Structure formats: structure tokens, C-alpha cells
There are 2 protein chains.
Amino acid sequence: MTKNTRMTKQKQVILDVLRSTKSHPTADWIYEQARKQLPNLSLGTVYRNLGVLKDMGELLELNYGSTYSRFDGNPVNHYHFVCLNCHKVLDIEMDVEERLNNKVEEVMGCHVKHHRLEVYGTCPQCLCKN
Amino acid sequence: MTKNTRMTKQKQVILDVLRSTKSHPTADWIYEQARKQLPNLSLGTVYRNLGVLKDMGELLELNYGSTYSRFDGNPVNHYHFVCLNCHKVLDIEMDVEERLNNKVEEVMGCHVKHHRLEVYGTCPQCLCKN
DNA sequence: TTAGATGCAAAGGGTTTGCAACGTC
DNA sequence: GACGTTGCAAACCCTTTGCATCTAA
């Protein structure tokens with residue numbers, strides 16, 4: 001089992017790849033990018049490190065209806081827009097409404113850690129094409 | 001391919017099972033329940049019909065970090081609370097904030113269809129246990 | 001009668017894992 | 001040197017699909 005106490009080339013490169021993009025890549029895309037620097041990298045290692053980095057809070061795992069996950073190198077909570085036409089995932093430049101947490105705590109009688117908002121629709125690019 | 005023009009025993013039972021619960025069951029749970037009435041039902045048929053019913057807007061497909069989907073027989077948009085401890089999914093009895101849609105349309109310049117809110121934390125039951 | 005739906009089982013496809021070799025501390 | 005990590009490939013597991021059979025209309 002992974003204890004995650006050592007910094008390896010692989011972990012470093014994977015994190016670099018993730019930090020270097022504002023997109024929300026799949027594990028496979030990260031794998032392909034990282035292989036440019038580490039040709040012998042294996043997909044299993046990518047998944048293992050993405051899991052570790054996720055536990056560390058260094059990234060977010062998203063899964064918007066697809067069968068596969070997307071990863072977001074921006075661990076600060078923010079909202080996402082998913083285009084129903086081209087399936088792109090975009091960040092929404094909008095403040096997170098922290099008071100939603102309090103509201104839910106009141107209604108549910110629970111303890112809230114965070115929330116996730118996903119907005120679905122048609123992105124500007126796809127709107128132009130129609 | 002499924003054209004979904006006929007009402008079959010299978011489709012009826014699957015929809016009944018889904019409507020009869022307020023939980024957010026997996027395809028497999030639905031399958032097990034429906035088999036009590038239709039012992040020869042196959043899992044493939046469950047998936048096919050869930051897909052059809054989803055396209056018809058009769059249910060919502062949710063996937064909250066798990067590798068498998070959960071289905072919600074309440075097609076009216078509502079919010080969900082996910083317990084990080086016991087992984088239960090609960091409905092949040094709270095009005096949907098439609099104005100969020102407008103706000104996002106302004107910020108993004110896109111067309112918004114709907115949004116999904118998931119709140120993560122510890123549910124009342126799990127809070128008591130600690 | 002006939003096209004759509006089912007049951008079965010095999011295929012798909014993203015993700016996980018066992019194990020020997022490797023590399024960090 | 002010890003033990004966490006990797007590469008490889010096989011295993012996993014939920015979901016989809018091809019096809020012969022069945023059935024709702």
C-alpha cells in the first residue's frame with residue numbers, strides 16, 4: 001500500500017502537468033502529457049498518484065455523468081459549467097456562496113464540509129454555431 | 001436499438017421500484033428489487049430502461065464520486081447531501097435557487113439549462129455516533 | 001404481423017491491484 | 001539497507017452490446 005512519504009519523479013511530473021493546465025483533464029490525458037517527460041511512466045502510477053494527491057487535497061476529482069473521472073488541479077472550491085453540447089467543462093468565475101453551507105446545516109441538522117455546484121447548459125462557442 | 005414506444009412489464013416494474021423509494025438506489029439494487037416480481041429480468045434490461053427513462057426525464061442519474069451510478073426517481077430538480085462518513089445520499093428539503101442560473105448566464109455568456117448542487121459533510125446519524 | 005424489447009452472455013473500458021524490481025531517504 | 005513506489009499486466013466491476021427469441025400493438 002502507498003504511504004506517500006517520498007517525492008518521486010513521477011509524482012512531481014504528474015502534479016506539474018495538472019498545475020500547468022486550466023482544463024479538467026482525464027487520467028489518460030495526464031498520462032500522455034507526463035509520458036513526454038517520463039516515457040516509461042505507467043497508467044497505474046498515474047492513478048495511484050492522483051489518488052494520493054486527492055487525499056492530500058491537492059486536487060479535486062470530478063465526474064460529470066461520464067464513465068470516467070476528470071481531475072482539477074485547482075483545489076480551491078469553485079463552480080463548474082458543463083456544456084451539454086460539446087461536453088467541455090469550464091470554471092465559473094464566481095464567488096462560492098459559503099452561506100449555502102450554513103443554510104443546509106440548519107435544514108438538515110448535519111455538519112457541512114463543502115459543496116459542489118455544477119451548471120449545465122450550452123457554452124458560448126456552441127451558442128454561436130447555432 | 002430501443003425506440004421506447006411500448007410499455008412492457010419490465011419497464012413498468014422498474015419504474016415502480018424507482019418511484020417506491022426515496023433512496024437513491026444503484027442499478028443493481030433496482031435489479032434485485034424488480035426480480036422479486038420478474039425473476040427472469042436481466043440486468044441489461046434494467047440498464048436499457050434506466051437509460052430510456054432518463055432520456056424521457058422520468059429520473060435523474062447521479063454519480064457522486066463512486067464508480068457506479070445512482071438513480072433518483074424524483075425528476076424535479078432538488079439538492080443532495082452526501083455523508084462523507086456513511087456515504088448515504090439524502091435529499092435536501094430546500095428550494096432550488098433558480099436565480100443562480102441567471103447569475104451564471106451573465107458571468108459566462110452561456111445558456112443555462114439547470115444546475116446541480118451537492119453538499120458534503122456528516123449526516124445527523126453519524127454526528128451522534130461520535 | 002412486425003418492429004421494438006428482452007435475456008443471455010460476452011465484450012467494453014476506465015480503474016485497481018499483485019508482485020517483483022527499483023529508487024528514495 | 002529498508003521500505004515506499006513503480007512498471008507491467010492481469011483482474012475488477014459497472015455498464016453496454018450483439019443476437020436470437022419473444023411480445024406489445
Side-chain angles (χ1 to χ4, degrees), chain A residues 1-18 23-56 58-72 82 87 89, chain B residues 1-18 23-56 58-72 82 87 89:
Chain A
M1 202 241 258
T2 280
K3 298 287 178 56
N4 189 43
T5 57
R6 293 180 189 167
M7 179 51 65
T8 61
K9 282 195 296 282
Q10 289 85 344
K11 191 181 298 170
Q12 190 63 64
V13 169
I14 289 167
L15 193 51
D16 286 349
V17 167
L18 202 65
S23 76
H24 306 78
T26 61
D28 201 65
W29 185 87
I30 295 168
Y31 171 60
E32 291 301 340
Q33 299 303 310
R35 262 164 86 88
K36 292 177 182 171
Q37 291 178 63
L38 298 173
N40 289 321
L41 181 67
S42 81
L43 191 51
T45 297
V46 171
Y47 276 106
R48 266 185 296 235
N49 276 311
L50 287 175
V52 165
L53 292 167
K54 178 181 160 193
D55 290 344
M56 292 168 66
E58 294 289 326
L59 59 81
L60 295 174
E61 181 174 1
L62 319 171
N63 40 355
Y64 297 135
S66 338
T67 54
Y68 49 87
S69 290
R70 291 174 169 280
F71 299 87
D72 189 331
V82 183
H87 303 105
V89 179
Chain B
M1 201 244 253
T2 280
K3 298 287 180 54
N4 188 45
T5 58
R6 294 179 188 168
M7 180 50 65
T8 61
K9 284 196 294 284
Q10 290 85 344
K11 191 181 296 170
Q12 190 63 64
V13 170
I14 289 167
L15 194 50
D16 286 349
V17 167
L18 202 64
S23 74
H24 307 77
T26 61
D28 202 64
W29 186 88
I30 296 168
Y31 171 61
E32 291 302 340
Q33 299 304 310
R35 262 164 87 87
K36 292 177 183 172
Q37 291 179 63
L38 299 173
N40 290 321
L41 180 66
S42 81
L43 190 52
T45 297
V46 172
Y47 276 106
R48 265 184 296 235
N49 276 312
L50 288 175
V52 165
L53 292 167
K54 178 181 160 192
D55 289 344
M56 292 168 65
E58 294 289 325
L59 60 80
L60 295 176
E61 183 174 359
L62 318 171
N63 41 354
Y64 295 136
S66 337
T67 54
Y68 48 89
S69 289
R70 291 176 168 280
F71 298 88
D72 189 331
V82 183
H87 303 104
V89 179

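Side chains are part of it too, since the values below use all heavy atoms of this structure and drop only hydrogens, waters and symmetry mates. From a predicted model like this one, the values you see are computed outputs, not experimental measurements. In what follows, chains are A, B, ... by sequence order, proteins preceding strands, each numbered from 1.
When each of C:dT6, C:dT2, D:dT6 is scored by its nearest atom to the side-chain atoms of B:R6, the top-ranked nucleotide is C:dT2. For B:Y68, the listed nucleotide lying nearest its side chain is D:dC14; candidates were D:dC14, D:dG4, C:dT6.
For C:dT6, neither phosphate oxygen OP1 nor OP2 lies less than 4.0 angstrom from any side-chain nitrogen or oxygen of B:S42. At least one side-chain nitrogen or oxygen of B:T8 sits closer than 4.0 Å to the OP1 or OP2 atom of C:dT6. Dashed line: the shortest gap from a side-chain N or O of B:N49 to OP1 or OP2 of C:dT6 is under 4.0 Å.
Contact annotation for A:L41: backbone-only contact, meaning every heavy-atom pair under 4.0 Å involves sugar-phosphate atoms and none involves a base. The residue B:D28 sits apart from the nucleic acid: no heavy atom pair falls under 4.0 Å.
Between B:F71 and A:L38, it is A:L38 whose nearest contact on DNA chain D lies nearer the 5' terminus. Take the nearest nucleotide of DNA chain D for B:Q10 and for B:G44: the residue whose nucleotide is more 5' is B:G44.
As rounded to whole Å, 10 Å separates atom P of C:dG14 from atom CG of A:L43. When rounded to the nearest whole Å, the span between NZ of B:K11 and C1' of C:dG4 equals 9 Å.
Evaluation of atom-type donor-acceptor distances gives no pair under 3.5 Å for the side chain of B:R48 against the base of C:dG4.
Taking the side chain as every heavy atom from C-beta outward, B:L41 and B:V13 never approach each other to under 4.5 Å.
Contact between A:H24 and A:V89 at its shortest, heavy atoms only, is ND1-O, 3.1 Å.
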